[in-house]
Amino acid sequence: MGVVEMEKEIKLIALDMDGTLVNHDGEVSEENEAAVQRAKEKGIHVVLSTGRSLPFCRDIAEQLGHSAYLVTVNGGQIFDKELNLVDSSHLDYELVERLWELKVKHDVYFWSSTTEGVFNTQKPFDREINDYTWLKFGFDIKDDDIRKIITDEVTANEAFEVTNSSPTNLEINPSGVNKAAALMKVCDWLDLSMENVMAVGDSMNDIAMIREAGFGVAMGNAQDRVKEAANWVTKDYTEHGVAYAIDQVLKG
């Protein structure tokens with residue numbers, strides 16, 4: 001950690017939510033919110049880039065005030081500042097059928113995002129798989145051996161983009177769909193370069209954007225592989241690490 005010299009002009013800050021921007025209660029601390037507002041006052045775009053779907057991040061997006069874009073479902077959907085959908089990538093239902101077979105075979109917790117709603121083990125879908133438009137499918141697997149079996153299969157399938165948002169889960173998007181790809185689209189629309197982006201995150205679904213950004217920041221609580229991919233490590237999310245990182249940018 002420590003003070004960092006900013007070599008590039010940062011014009012857009014991309015923030016993961018869980019384990020990064022929000023606390024244990026799913027709320028943005030006063031320190032983080034104030035830092036976001038300071039950045040926006042300096043003319044810097046602040047874009048949430050999350051694995052959550054819109055219904056589960058809308059409140060925080062609105063709390064922070066309008067941003068140019070909002071990246072959701074690990075880049076599966078992008079919304080404009082009025083929260084109109086401008087880009088969407090779908091997971092083929094035949095692929096979802098195989099993921100469902102794995103869930104049933106190994107009796108593991110599942111969760112998913114579709115354009116028709118969010119479903120999981122407690123709230124299962126009630127129609128045929130091909131009746132939904134799938135955005136993302138996920139597992140949460142406590143058993144290390146079972147997690148490895150499923151991880152090995154899904155990562156071997158070139159149709160999948162496989163990441164995680166915690167050490168015990170797997171998040172599966174269509175191949176090529178990730179937060180970095182989404183931010184590249186956002187930068188193109190805003191006439192910016194990825195060199196002008198600072199990306200902040202803590203999990204495997206943040207690695208792509210951290211690597212592609214001009215300045216990639218890992219949270220102090222980030223998984224080790226995320227820290228290795230980053231240019232710099234900020235404080236833990238319980239210590240308002242986002243605010244600390246933003247302040248480094250504003251000092252530059």
Side-chain angles (χ1 to χ4, degrees), residues 12-18 20-21 45-62 64 66-100 103 110-120 123-139 154 157-165 169-192 194 197 199 201 203-210 212-213:
L12 187 151
I13 298 172
L15 300 175
D16 171 54
M17 288 180 60
D18 296 289
T20 300
L21 178 66
H45 298 285
V46 180
V47 174
L48 297 183
S49 185
T50 178
R52 298 189 191 192
S53 58
L54 180 63
F56 295 92
C57 62
R58 180 192 291 269
D59 288 351
I60 289 175
E62 292 178 341
L64 295 177
H66 288 306
S67 292
Y69 292 96
L70 169 65
V71 174
T72 69
V73 203
N74 291 339
Q77 291 193 316
I78 307 174
F79 297 85
D80 67 14
K81 65 180 181 180
E82 303 301 333
L83 301 184
N84 298 308
L85 181 66
V86 294
D87 192 81
S88 189
S89 301
H90 303 145
L91 192 58
D92 190 285
Y93 76 86
E94 292 178 348
L95 296 172
V96 176
E97 287 176 345
R98 177 53 187 157
L99 296 173
W100 181 252
K103 176 260 181 291
F110 95 97
W111 47 273
S112 63
S113 294
T114 75
T115 60
E116 293 79 19
V118 174
F119 303 100
N120 55 42
K123 183 190 173 185
F125 50 92
D126 55 8
R127 306 201 299 263
E128 296 298 318
I129 286 176
N130 62 3
D131 288 333
Y132 295 93
T133 302
W134 298 86
L135 299 168
K136 183 174 71 168
F137 195 98
F139 302 98
V154 297
N157 192 325
E158 294 182 354
F160 293 139
E161 187 91 7
V162 183
T163 59
N164 75 22
S165 57
N169 82 7
L170 291 173
E171 301 198 354
I172 301 161
N173 286 85
S175 178
V177 174
N178 55 57
K179 294 181 179 183
L183 288 171
M184 288 176 187
K185 294 176 183 177
V186 167
C187 284
D188 186 51
W189 298 333
L190 294 174
D191 196 24
L192 299 177
M194 285 293 287
V197 173
S203 297
M204 296 298 291
N205 63 351
D206 301 311
I207 277 190
M209 71 172 182
I210 284 172
E212 293 297 328

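Computed from a predicted model, the values in this text were never measured in an experiment.
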Practice problem: Determine the minimum heavy-atom distance between Cys57 and Leu70, stating which atoms define it. | Solution: SG-CD2, 4.1 Å

Exercise. Could you check if a side-chain atom of Arg52 sits within less than 4.5 angstrom of a side-chain atom of Val73, using non-hydrogen atoms only?
Key: no

Quiz prompt | Among Val71, Asp87, Thr72, the one residue meeting side-chain contact (heavy atoms from CB on, under 4.5 Å) with Gln77 | solution = Thr72

Quiz item: Where do Asn74 and Gly51 come nearest, in terms of heavy atoms and distance?
Solution: OD1-CA, 3.1 Å

Quiz item: Can you name the salt bridge (charged side-chain N to carboxylate O under 4.0 Å, His left out) partners of Glu171, sequence neighbours left out?
Solution: Lys136

Self-check item: Heavy-atom closest contact (Ser112 atom, Val118 atom, distance)
Solution: O-CG1, 3.2 Å

Quiz prompt | Heavy-atom pair with the smallest gap, counting every atom of Val177 and Glu161 | solution = O-CG, 3.2 Å

Quiz prompt | Between CG on residue Leu183 and CG on residue Asn178, distance to nearest 0.5 Å | solution = 9.0 Å

Practice problem: Would you please test His45 and Leu192 for side-chain contact (heavy atoms from CB on, under 4.5 Å) and show each step? | Solution: CA-CA 11 Å; His45 298 285; Leu192 299 177; 4.0 Å; yes

Exercise. Only pairs at least two apart or in different chains count here, so list each salt bridge (charged side-chain N to carboxylate O under 4.0 Å, His left out) that has a residue in residues 89-98.
Key: Arg98-Glu101, Arg98-Glu153

Quiz item: Are any of the side-chain heavy atoms of Leu99 and Leu91 separated by less than 4.5 Å?
Solution: yes

Self-check item: Side-chain donor or acceptor of Trp134 paired with backbone N/O of Ile129 under 3.5 Å
Solution: yes

Quiz item: Hey, are the side chains of Asn120 and Lys123 touching, using non-hydrogen atoms and a 4.5 Å cut-off?
Solution: yes

Quiz prompt | Worked verdict on Leu64 versus Val46 for side-chain contact (heavy atoms from CB on, under 4.5 Å) | solution = CA-CA 9 Å; Leu64 295 177; Val46 180; 5.7 Å; no

Self-check item: Aromatic ring proximity Phe137/Phe110, centre distance under 6.0 Å
Solution: yes

Quiz prompt | For Met209 against Ser49, the heavy-atom pair lying closest together | solution = SD-OG, 3.7 Å

Practice problem: Compare all side-chain heavy atoms of Ile78 with those of Trp189 and state whether any distance is below 4.5 angstrom. | Solution: yes

Quiz item: Pick from Asn173, Asp16, Ile210: which one makes a side-chain contact (heavy atoms from CB on, under 4.5 Å) with Lys179?
Solution: Asp16

Exercise. Mind checking the OG1-CD1 spacing from Thr50 to Ile60? Nearest 0.5 Å is all I need.
Key: 8.5 Å

Quiz item: Is there a side-chain contact (heavy atoms from CB on, under 4.5 Å) between Ser203 and Thr163 once you walk through the steps?
Solution: CA-CA 8 Å; Ser203 297; Thr163 59; over 6 Å; no

Quiz item: Where the side chain of Thr114 meets the backbone of Gly117, is there a donor-acceptor pair that is under 3.5 Å apart?
Solution: yes

Practice problem: Can you establish whether the number of heavy atoms outside Glu82 located under 6.0 Å from its atom CD is more than 12? | Solution: yes

Quiz prompt | From Ile207 atom CD1 to Asn164 atom CG, the distance as rounded to the nearest 0.5 Å | solution = 8.5 Å

Quiz prompt | Test item: Trp111 and Asn169 side chains (from C-beta on) under 4.5 Å apart, heavy atoms | solution = yes

Exercise. Considering non-hydrogen atoms only, spot the tightest contact between Ser88 and Leu135 and give its length.
Key: OG-CD2, 3.7 Å

Self-check item: Sole candidate of Trp100, Tyr93, Phe119 that passes ring pair (Phe, Tyr, Trp, His ring centres under 6.0 Å) when paired with Tyr132
Solution: Phe119

Exercise. Give a yes or no on whether the backbone of Lys81 and the side-chain of His66 come within a donor-acceptor separation of less than 3.5 Å.
Key: yes

Practice problem: Step through the shown structure and confirm whether more than 12 heavy atoms of other residues, nucleotides or ligands are within 6.0 Å of CD on Glu62. | Solution: yes

Quiz prompt | Inter-residue atom distance Asn84.CG - Phe79.CZ, 0.5 Å rounding | solution = 9.0 Å

Quiz item: Are the side chains of Val197 and Cys187 in touch, meaning some heavy atoms are under 4.5 Å apart?
Solution: yes

Practice problem: Please round to the nearest 0.5 Å and tell me the distance separating atom CG of Leu21 and atom CG of Leu15. | Solution: 5.5 Å

Self-check item: Straight-line distance of Phe56 CZ to Asp59 CG, nearest 0.5 Å
Solution: 10.5 Å

